[in-house]
Amino acid sequence: MAERANMRRRTTKAEQRADTMEQILDEAEYLFSKHGLHGVTLKDVAKRVGVHHTLLNYYFEDKKKLFDAVFARRAVVTSERRMKALDDYDAACGGNPTVEGALHAFLDTDLDLYIEGGEGWKNYGALGALVANTPEWGADLMDEHFDPVVLRLIGLLKKALPHCNEADIFWGYHFVTGALMVTLARTGRIDKLSGGLCASDDFSQVKARMAAFMAAGFHQICGKR
């Protein structure tokens with residue numbers, strides 16, 4: 001009986017630690033998505049969590065370690081989901097992909113996370129946009145977490161456009177990811193420009209249009225050459 005009670009206490013302690021860690025990561029994610037790496041302190045995160053800042057020092061060596069943990073937590077999820085979607089699409093099309101089909105697998109799978117995942121995923125999307133546009137320290141994170149899935153997409157696009165100049169395929173991806181990052185940033189600019197006709201956080205409307213729009217761009221630049 002005592003042994004079971006001790007085991008339960010250990011389990012409860014482990015669960016409490018896991019819950020605290022998730023709360024720290026959630027609140028840090030929110031702050032980093034709004035203010036970036038250099039605009040947030042460990043004390044800011046601790047205050048938002050409601051703990052003393054020494055607890056964060058216990059879990060994380062410094063602010064950059066916390067930032068990296070925040071970024072990695074969801075990067076693993078989106079990378080694995082997109083890789084599976086691309087592999088599944090490649091198998092389903094018998095190794096004969098179309099540009100639009102490959103882009104749907106890559107983009108829609110990611111956008112679904114922001115549509116279905118709640119505010120936490122939307123915060124992560126904004127954080128990803130910030131990281132992607134901060135070459136001083138963001139490029140390494142993007143390389144580490146996303147290069148394999150991006151190169152998998154590039155491989156499918158090369159199959160779909162066998163006569164396309166390779167540089168044009170990479171430029172096409174560059175334009176795709178730029179549009180995606182602007183979308184994830186949720187700047188609100190399109191809301192104002194359209195007089196409320198469009199909303200920058202309406203990822204469902206983006207999903208309905210982006211793959212087809214970008215596919216046409218690939219065909220245009222590849223066809224001209």
Side-chain heavy atoms of N165 within contact of I221, under 4.5 Å: no

Test item: T134 side-chain N/O and G138 main-chain N/O as donor-acceptor pair under 3.5 Å: no

Y59 side chain near R17 side chain, heavy-atom distance below 4.5 Å: yes

Carboxylate-amine/guanidinium proximity below 4.0 Å for K159 and D90: yes

Salt-bridge present (E80, R152; N to O < 4.0 Å): no

pair H53-Y58: side-chain heavy atoms closer than 4.5 Å: no

Residues in side chain to side chain contact (heavy atoms under 4.5 Å, CB included) contact with D191, at least two apart in sequence or another chain: A199, S200

Side-chain touch D110/F106, heavy atoms, less than 4.5 angstrom: no

Side chain proximity check, L66 to L25, heavy atoms < 4.5 angstrom: yes

Residue F175 excluded, over 12 heavy atoms near CZ under 6.0 Å: yes

Within 6.0 angstrom of K192 NZ, more than 12 heavy atoms from elsewhere: no

E166, CD atom: more than 12 neighbouring heavy atoms under 6.0 Å: no

E119 side chain reached by Y30 side chain, heavy atoms, under 4.5 Å: no

Parallel, tilted or perpendicular: rings of Y124 and W121 (30°, 60°): perpendicular

Short N-O contact, R48 and D44, less than 4.0 angstrom: no

Salt-bridge contact K207-D112 (side-chain N to carboxylate O under 4.0 Å): yes

Side chain proximity check, T109 to H104, heavy atoms < 4.5 angstrom: no

All side-chain hydrogen bond (donor to acceptor under 3.5 Å, both in side chains) counterparts of T98, not counting sequence neighbours: Y89

Salt bridge flag under 4.0 Å for residues D108 and R82: no

Test item: T187 side-chain N/O and R189 main-chain N/O as donor-acceptor pair under 3.5 Å: yes

Neighbour count above 12 (heavy atom, 6.0 Å) for W171 CH2: no

Flag side-chain contact, heavy atom, 4.5 Å: D88 against M83: no

Side chain to side chain contact (heavy atoms under 4.5 Å, CB included) assessment of K63 paired with F32: CA-CA 11 Å; K63 182 174 66 173; F32 285 135; 4.0 Å; yes

